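Worksheet: the structure to be examined is printed underneath.
For ligands, and for the atoms within them, numbers begin at 1 and follow the listed sequence. What you see is a predicted model; the values in this text were computed from it and never measured. Sequence positions, counted from 1, serve as the residue numbers for this chain.
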Amino acid sequence: MTVEMLHMVDTPAVVVDIQRLQTNVADMAAFAAGAGVALRPHFKTHKMIPILRLQEKAGIKGVTVSKLDEAETVIGAGFTDVLVAYPVVGPRKVARLVQLAKRADLTVAVDTPDAAAQLSTAMATEGLELKVLVEVDSGLKRCGTPPGSPTVDLAEFIHCLPGLRLVGLMTHAGHAYAAGSPDKVRLIGLAEGKQLVDTADQVRAAGLPCPVVSVGSTPTARTAGRVAGVTEIRPGNYVFNDAIQISLGVASLEQCALLVISTVISRPHPDRLVIDAGSKTLALDRGAHGNALIAGYGLLVGYPHLVLARLSEEHGVVEVRGEGPLPAIGERVQVIPNHACPVVNLADRVAVVRGEEVLEWWRVDARGGVR
Ligand SMILES: Cc1ncc(COP(=O)(O)O)c(C=O)c1O
């Protein structure tokens, strides 16, 4: 793509490079097949059924979602093997889950006895059986039971409850995003896989079933997924990649499939340009789990001496931090967002492009689906 590209599309625009997307989708599917693990990609990254269909074609076991809104979207589109990798708590949520369990082959992550008891009562009342993975904290310090005996204890509790079927363990090593170097990312991925496999062994030693050992993030999928005993990976971001993945050494610029096309609208000072993409397009995300390697709010392709230093809602303030050519007022620039997932959630639709050509527009099906 060039900066003159897509002159028919108004800016700021979120575009998906279809060739890069297809390559990313195929590469992860090939990795999973080679490593002998199931691929259950996370839908929250793209929230678009056409992309899920590409993933399906490449070979996936099922889908991961966070929210029930996302589960309803994917099940409505005919995907039935769905993992809700998020605690489902409270009567409204549990009632929605019951309805979904009547239509699909659902699995839910559970990390507290309270949540397990709520689900058990609801499922048993309806004569349903819900598959459950115990969520283990492998270092992110978000949800999840500690590895080892606390996880075994919760697994035992779940195993004894009516309406629930214990099928294994899951974890997400999101702390890899704060790792700071590719070597540290790899070590976190190995530890993620090993901790979960060791805990799964302890669950089995207690006489409990544990066929599923599910790990993964985009940074750790390729290391954790190679640990013997891991059965499934759940990367999401890999379909697009972004500036955070580049900073971690996980992806190259050429592997970033989601771009924001923006126009230079002002140059009020020799050292300052303004573009028409602000926080309502790019999001203020600099890495939820800490990332010291991120300098601004996105990478300007072809301009390594420019830093997207500040965002207000509709303005992106670009600082000139070195020598080199500058885009003129009215010229278009390509921005690789720091974090692709919230950018998609802010867009109604994305332009699907091949080279200079817009092939079609995809609606963001589960946009704003946070309930
Ligand atoms: C539980 C869970 N699994 C998988 C993923 C996918 O990880 P990534 O976005 O790094 O691909 C996430 C991302 O937040 C997650 O929370």
**OP:** May I ask you to test the Lys61-Asp81 pair for a side-chain heavy-atom distance under 4.5 Å?
**Re:** yes
Original post:
Does the side chain of Glu135 reach to within under 4.5 Å of the side chain of Val110, using non-hydrogen atoms?
Top reply: no
Original post:
With sequence neighbours left out, which residue pairs that include part of residues 229-254 fulfil the salt bridge (Lys or Arg N to Asp or Glu O under 4.0 Å) condition?
Top reply: Arg40-Glu232
Original post:
Taking the hydrophobic residues Ile, Leu, Val, Met, Phe, Trp and Tyr, and joining any pair whose side-chain heavy atoms are under 4.5 Å apart, which ones share a cluster with Val370?
Top reply: none
**OP:** State plainly whether the residues Asp69 and Arg96 are in salt-bridge range, i.e. N to O under 4.0 Å.
**Re:** yes
Mind listing the side-chain donor-acceptor pairs of residues 156-163 below 3.5 Å, one per line with the distance, residues two or more places apart or on another chain?
none

Can you give me a line-by-line list of nitrogen or oxygen pairs between ligand 1 and the protein shorter than 3.5 Å?
residue	atom	partner	partner atom	Å
ligand 1	3 (N)	Arg234	NE	3.4
ligand 1	3 (N)	Arg234	NH2	3.0
ligand 1	9 (O)	Lys44	NZ	3.2
ligand 1	10 (O)	Tyr177	OH	2.4
ligand 1	10 (O)	Thr218	N	2.9
ligand 1	11 (O)	Thr218	N	3.1
ligand 1	11 (O)	Thr218	OG1	2.6
ligand 1	11 (O)	Gly236	N	2.6
ligand 1	11 (O)	Asn237	N	2.9
ligand 1	14 (O)	Lys44	NZ	3.2
ligand 1	16 (O)	Arg142	NH2	2.9

